[in-house]
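Working notes, structure below.
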Number of protein chains: 2
Amino acid sequence: MKDGPDISRIAALIGDPARSNMLLAMLDGRALTAGELASQAGITKQTASSHLARLLDGALVAREVQGRHHYYRLGGADVAQALEALLGVSEGRTGTRTRTGPRDPALRKARICYDHLAGELGVLSYDRLMEDGVLVRRSGVLGVSKAGWARLGEIGVTEDGLARSRRPVCKDCLDWSMRRHHLAGQVGAALLVRMFERKWAKRVAGTRVIQFTPSGEAALRTWLRAPT
Amino acid sequence: MKDGPDISRIAALIGDPARSNMLLAMLDGRALTAGELASQAGITKQTASSHLARLLDGALVAREVQGRHHYYRLGGADVAQALEALLGVSEGRTGTRTRTGPRDPALRKARICYDHLAGELGVLSYDRLMEDGVLVRRSGVLGVSKAGWARLGEIGVTEDGLARSRRPVCKDCLDWSMRRHHLAGQVGAALLVRMFERKWAKRVAGTRVIQFTPSGEAALRTWLRAPT
DNA sequence: TTCATGGTTCGACGCTAATCGAACCATTGC
DNA sequence: GCAATGGTTCGATTAGCGTCGAACCATGAA
């Protein structure tokens, strides 16, 4: 048998509670040390090490060694996407009982997804930029229009400033809480960096929540030309 | 611990080879009997029954009993989406070695995804309909424009003909082979039905491949106003 | 009714893998 | 060089689960 892509192998890797907790902890795109991940998952260092070795073998995470610290991060944006999709499923399933998620409305408002903005404000940004023609889809590929770069420039995101990598400039990422798209890719990541720099928002330590200041959210909406 | 959405539970469900094979067999949206799924996964009836009970408990599949036959189908479009996302990850991982998939270029050309068209022709359709303004995105929600309904009417898809359900009229679904979007939702499903009715294409039994006839593909491209 | 077919339940076997204690390796600081 | 800290490797224990044979239940046809 052994059908083409062995989906079960990677699903099994995510299927362990300890591993999934670690993966979810990395879903914000940060690189965490093995020890931090161990405590995050509530297991000992030895166990975590064995799990991380497996995840590394499956390329679900990448390792970066700095001195005596071993930093782990997600293996790629596609891994983050799969995790979000699984979150969407479990959300719908437990949602029939829990309804609308037990806690963390803040998580629905704005959160980090790998390295870009997700949640209501993420979807709002995507929608407005799409309507205003900043983002355009040419033969299926999402991109930034000529006029769009000017608009992005207002906030400090320029075409030259983007790292020259294989990563797509723009990409849409499905939002599990909103069931809509938000902006990923290099532009999505750069936008979030600028928002942090301008102190419109900051991360809430230990969570994926992005806390906007009142004036920061107002500034974002102004830039987006969004009502309210 | 037991973090919010227990993503690991459903990932573990997909993580077993037998179960993932059954799920992939259902990814085309068909409802299959327990026996068919058993042979598909290469296991005995008893084992399959136990697996299906688990999947049912996790709401990854839905059961429909007709006489002495028990039909199983995927639990929802979100499940299909998660499976496709996992396919995307395993594709990228094994792809570094296997490169571009060992077999089935036909699967990349055109295949069924839950109940709509995916693959190159699926992406092409999405792109063309988007460019021609048949599909429009209004405040993030994909829909059909006024003029778009006329265009869809040419092929037999009318606004009245759609089932009145909670399922979105239009929805974009990520394509694992193309890394682009193709059209899902009620319109996506209806379009494929029309294509089958017009004998432009037919399913290849036992696989997810959709085989277009030469004249059928030409007719599709003509309707799409696509070159070649 | 009786038989055949499709599915599920029960029980037992075997294997994998998760877990932690202890020892071992590497880096940093004194 | 020596301790301290962060990580990994090794080994042993344990529990869970996938698997199948056999029995049981339901439906449909003769």
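Just so it is clear: chains get the letters A, B, ... in the order the sequence lines come, proteins before strands, and each one is counted from 1. Since this is a predicted model, take the numbers as computed values, not measurements.
Rounded to whole Å, the distance from NZ on A:K45 to C1' on D:dG7 is 7 Å. Here D:dG7 presents its C1' atom at 13 Å from CE of A:M22, a figure rounded to the nearest Å. When rounded to the nearest whole Å, the span between OH of A:Y71 and C1' of D:dG7 equals 13 Å. What separates CZ of B:R9 from P of D:dG16 is a distance of 16 Å, to the nearest Å. As a whole-Å value, the separation of B:L32 CG from C:dG7 P is 11 Å. If you take NE2 of A:H69 and C1' of D:dA4, they are 12 Å apart, rounded to a whole angstrom. Spacing between atom CG of B:L52 and atom C1' of C:dG6 amounts to 13 Å, rounded to whole angstrom units. Nucleotide D:dG7 holds its P atom 14 Å from the CG atom of A:L56, rounded to whole Å.
With sequence neighbours left out, B:R198 forms a salt bridge (charged side-chain N to carboxylate O under 4.0 Å, His left out) with no residue at all. For A:E217, the side chain to side chain donor-acceptor pair (under 3.5 Å) partners at least two apart in sequence or on another chain are A:K109, A:R221. For B:R63, the salt bridge (charged side-chain N to carboxylate O under 4.0 Å, His left out) test picks out no residue, with sequence neighbours left out. For B:A219, the side-chain contact (heavy atoms from CB on, under 4.5 Å) criterion is met by B:W200, not counting sequence neighbours. Scanning for side chain to side chain donor-acceptor pair (under 3.5 Å) contacts around A:T47 gives A:T44, with sequence neighbours left out.
In this structure the side chain of B:V79 never reaches within 4.5 angstrom of the side chain of B:I10, judged on heavy atoms.
Put simply, A:R63 has no side-chain N or O that comes within less than 4.0 Å of OP1 or OP2 on D:dG7. For the pair B:Y72 and C:dG6, the criterion of a side-chain N or O lying under 4.0 Å from OP1 or OP2 is not met. In terms of phosphate contacts, B:H70 brings no side-chain nitrogen or oxygen within less than 4.0 Å of OP1 or OP2 of C:dG6.
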- Message: Generate the contact string for nucleotides 19-30 of chain D. Rules: B means base contact, S means sugar-phosphate contact only, - means no protein heavy atom under 4.0 Å.
- Response: SBBB----BS--

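In terms of heavy-atom proximity, A:S125 sits nearest to A:L117 at OG-CD2, 4.4 Å.
In the set C:dA18, C:dG7, D:dT8, D:dT8 carries the atom at the smallest distance from any side-chain atom of A:A34.
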